[in-house]
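Below is one structure, written out as structure tokens; comments come after it.
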Amino acid sequence: MAAALEEYAELFAMTGGDAFRVRSYQKAAKAIAGFPEDIASVPVRSVPGVGEAIAKKVEEYLGRGSFRQLDDLRGKVPEGVRRLTRVPSLGPKKAVLLFQELGIDSPEALAEAIKAGGLKGVKGFGAKTEENLLRGIEQMERANTRVHTGVAMGLAERIIASLEDRAERIAYAGSLRRMRDTVGDIDILAVAPETLMEVFKAQPYVAEVIASGGKKTSIRTPEGVQVDLRLVPAESWGAGLQYFTGSQAHNVHLREIVVKKGWKLSEYGLFDGERVIAAGSEEEIYRALGMDWVPPALREDGGEIQAALKGGLPALVTVDDLKGDLHTHTDLTDGIASLEDMVAAAHARGHSYYAVTDHAPDLAMHRMTLEKALTQREQIRQLQGKYPDMRILHGSELNIGPDGSVDWPAEILSGFDVCVASIHSHFGQPREEMTRRLIAACENPHVHVIGHPTTRLIGKRPQVDADWDAVFRAAARTGTAMEIDSFPDRADLPADLVRLARHHGVRFSIDSDAHAVPHLANQRFGVGTAQRGWLTPEDVINTWPLDRLLGFLNG
DNA sequence: GCCGTTTTCGGCCCGACTGTTTTCAGTCG
């Protein structure tokens with residue numbers, strides 16, 4: 001439904017529709033996408049941003065998979081013309097102009113027309129524009145440039161390191177600060193003289209300068225990632241950080257509140273006419289608006305503004321709240337570090353418990369046997385003496401077979417302290433089978449945690465198809481935790497499903513799924529996903545003290 | 001098309017950069 005409204009908004013804009021109505025459709029699409037319940041099962045008018053007219057469209061859509069007005073506009077605007085607006089620097093106005101004047105109906109046709117010199121004489125299209133459009137089309141044809149947080153974070157930290165000597169302050173903002181699981185570009189904010197722009201453009205990670213002025217420079221790295229560097233005056237640091245952290249939807253909503261007060265909010269500050277109300281820190285700005293400071297991970301206009309106005313924001317789980325890790329590997333199966341090294345590294349992180357969960361026999365290439373598992377258990381018992389302040393739990397990562405069964409029989413499973421059960425094959429099962437499979441795993445009394453529940457690999461493998469409402473109901477009923485696998489290319493559960501699961505009363509485990517010592521640090525990414533799903537420490541079993549965790553595992 | 005501790009009608013976020021224009025529209029975030 002959200003995709004259909006999004007498409008309608010775009011087509012409506014292209015056919016000259018009123019810009020404010022376009023925004024209404026976009027807002028409704030976003031609100032529906034982020035709504036924690038199935039919109040088919042609640043009065044759709046209860047979704048904020050959905051009024052009478054959109055509710056009607058929703059109703060028709062739920063009945064037959066489309067609505068009349070959408071069908072009409074699809075008939076008017078060829079699919080390829082819609083794709084034209086995906087070309088960077090080409091928006092709805094120019095796309096429609098090209099279609100009407102020259103019959104250009106796809107990015108491919110546009111490239112041909114430019115090469116044949118065919119844009120001459122169309123108003124607003126000069127030589128420079130033609131060049132930019134051609135480059136944009138080539139860019140579009142290359143692999144998608146969204147990268148997952150692991151890649152983006154590494155790049156951002158490298159960029160900051162290359163500039164921080166010459167900047168009074170510098171930090172990353174944007175979707176990376178909001179801990180999105182993928183980012184389309186990296187936003188760096190700095191307080192520095194304008195000469196920093198020249199330093200920036202001369203860096204080895206700059207493949208192309210897209211735009212450059214005194215306050216903003218955009219570049220592209222050799223990997224195709226866009227990086228924006230913005231300068232703000234020192235006194236506007238907080239306003240700049242707030243502004244460039246976004247999201248756009250959050251900022252738009254915030255400014256509607258600002259405008260009603262007769263004030264103005266920009267990257268330079270919160271103003272009453274010429275008078276500065278707040279600018280130095282984000283906290284001052286939110287406080288001046290009568291709100292609690294909103295953690296970046298919540299800034300998606302998904303109800304956080306209303307909550308912040310009422311002082312009702314959740315106290316989000318943080319990295320410091322984590323007391324352990326319940327899903328890790330050693331070189332007994334597919335890890336690369338020894339049991340001793342992994343445990344020592346976990347202890348150095350300050351954990352008060354740590355589970356070793358090597359694979360079970362079903363994943364034949366890892367050659368696990370009962371004998372090996374029992375030997376490992378004995379090794380752990382001996383190692384425990386070295387770490388009196390950290391409980392080492394002996395666990396297993398079981399494989400969930402196509403029928404929902406797991407690899408070891410009950411009498412062996414009961415010997416483990418913790419069992420994580422995950423899907424590793426048969427990803428393409430039909431929805432009903434996949435749903436039954438996951439529910440069967442939840443109902444297994446020896447299974448404590450469902451590992452990387454959707455099995456997605458960002459950019460490589462899609463989520464499995466399941467009725468998640470049904471799965472989460474089963475998980476809540478059986479007291480089975482859903483994992484948030486912290487590997488940055490997994491981020492699994494994804495944040496939207498985390499929020500849905502929480503709505504059903506599910507508990508979570510934020511695990512590293514480490515296969516090597518450095519992977520233990522990935523939990524920070526999992527915490528980001530948890531925060532985006534509005535989780536508090538109460539929701540996350542590995543923030544609980546050892547006694548309470550053991551009660552959960554034995555319960 | 002939506003919404004209301006200023007409004008049920010009249011508003012709806014703000015600024016930087018580019019390219020093309022002679023003062024600004026389009027695009028982007």
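Model, not experiment: these values are computed from the prediction. So that the names make sense, note that chain A is the first sequence line, chain B the second, and so on, each numbered from 1.
- Taking atom C1' on both nucleotides, B:dT22 is separated from B:dC28 by 24 Å, rounded to a whole Å.
- Nucleotides B:dT8 and B:dC2 place their C1' atoms 12 Å apart, quoted to the nearest Å.
- Residues A:Lys57 and A:Glu60 are not paired through a salt bridge, judged by the lack of any N-O separation under 4.0 Å between the basic side chain and the carboxylate.
- Side chain of A:Thr85 to main chain of A:Val81: no donor-acceptor pair is present (N/O by atom type, distance under 3.5 Å, no hydrogens or angles).
- Of all nucleotides present, only B:dG19 satisfies the Watson-Crick or G-U wobble test against B:dC24, with each distance under 3.5 Å.
- Within a heavy-atom distance below 4.0 Å of DNA chain B, the residues of residues 231-249 of chain A found are A:Tyr243, A:Gln248.
- Along DNA chain B, the nucleotide nearest A:Glu256 and the nucleotide nearest A:Lys215 are compared for position; the residue whose nucleotide lies closer to the 5' end is A:Glu256.
- Comparing B:dC12 with B:dT7, their C1' atoms sit 13 Å apart, to the nearest whole Å.
- Phosphate proximity of B:dC13 to A:Arg255: absent, as no side-chain N or O sits under 4.0 Å from OP1 or OP2.
- In the model, A:Arg177 has a side-chain atom that pairs as donor or acceptor with a side-chain atom of A:Thr245 under 3.5 Å.
- The aromatic rings of A:Phe487 and A:His519 sit perpendicular, their planes meeting at an angle over 60°, well past the 30° parallel limit.
- If you check the side chains of A:Glu538 and A:Thr536, you find no donor sitting under 3.5 Å from an acceptor.
- Between the OH atom of A:Tyr25 and the C1' atom of B:dC12 there is a distance of 15 Å, rounded to whole Å.
- When the nucleotides B:dC14, B:dT18, B:dA16 are ranked by their closest atom to the side chain of A:Lys264, B:dC14 comes out on top.
- Side-chain atoms of A:Thr543 come within 3.5 Å of backbone atoms of A:Pro537 as a donor-acceptor pair (strictly under, hydrogens ignored).
- The phosphate of B:dG29 has neither OP1 nor OP2 within less than 4.0 Å of any side-chain N or O from A:Asn251.
- Nearest nucleotide to the side chain of A:Asp187, out of B:dT20, B:dG29, B:dC14: B:dG29.
- The gap from the P atom of B:dG1 to that of B:dT5 amounts to 23 Å, rounded to the nearest Å.
- Contacts of A:Lys261 with the nucleic acid, taken as non-hydrogen atoms under 4.0 Å apart, are absent.
- Closest to the side chain of A:Val259, out of B:dG1, B:dC14, B:dG19, is B:dC14.
- On the C1' atoms, B:dT23 is 24 Å away from B:dG29, given to the nearest whole Å.
- Between B:dC13 and B:dC3, the two P atoms lie 14 Å apart (nearest whole Å).
- Closest to the side chain of A:Asp228, out of B:dG29, B:dT18, B:dG1, is B:dG29.
- A:Leu90 comes within contact range of the sugar-phosphate backbone alone, with a heavy-atom separation under 4.0 Å but no base atom that close.
- Among the heavy atoms of the strands lying under 4.0 Å from A:Ser212 are primed sugar atoms or P, OP1, OP2 only; no base atom is included.
- When rounded to the nearest whole Å, the span between CE of A:Met14 and C1' of B:dG26 equals 14 Å.
- B:dA16 sits 34 Å from B:dC9 when the C1' atoms are compared, rounded to a whole Å.
- Ring geometry, A:Phe12 versus A:Tyr25: the interplanar angle exceeds 60°, so the pair is classed perpendicular (tilted spans 30 to 60°).
- The residue A:Val258 sits apart from the nucleic acid: no heavy atom pair falls under 4.0 Å.
- Which of B:dT20, B:dC13, B:dG15 sits closest to the side chain of A:Thr129 comes down to B:dT20.
- Across the P atoms, B:dT21 and B:dG15 are found 27 Å apart, a figure rounded to whole Å.
- Note: A:Tyr8 and A:Phe67 have perpendicular aromatic rings, judged against thresholds of 30 and 60 degrees for the angle between ring planes.
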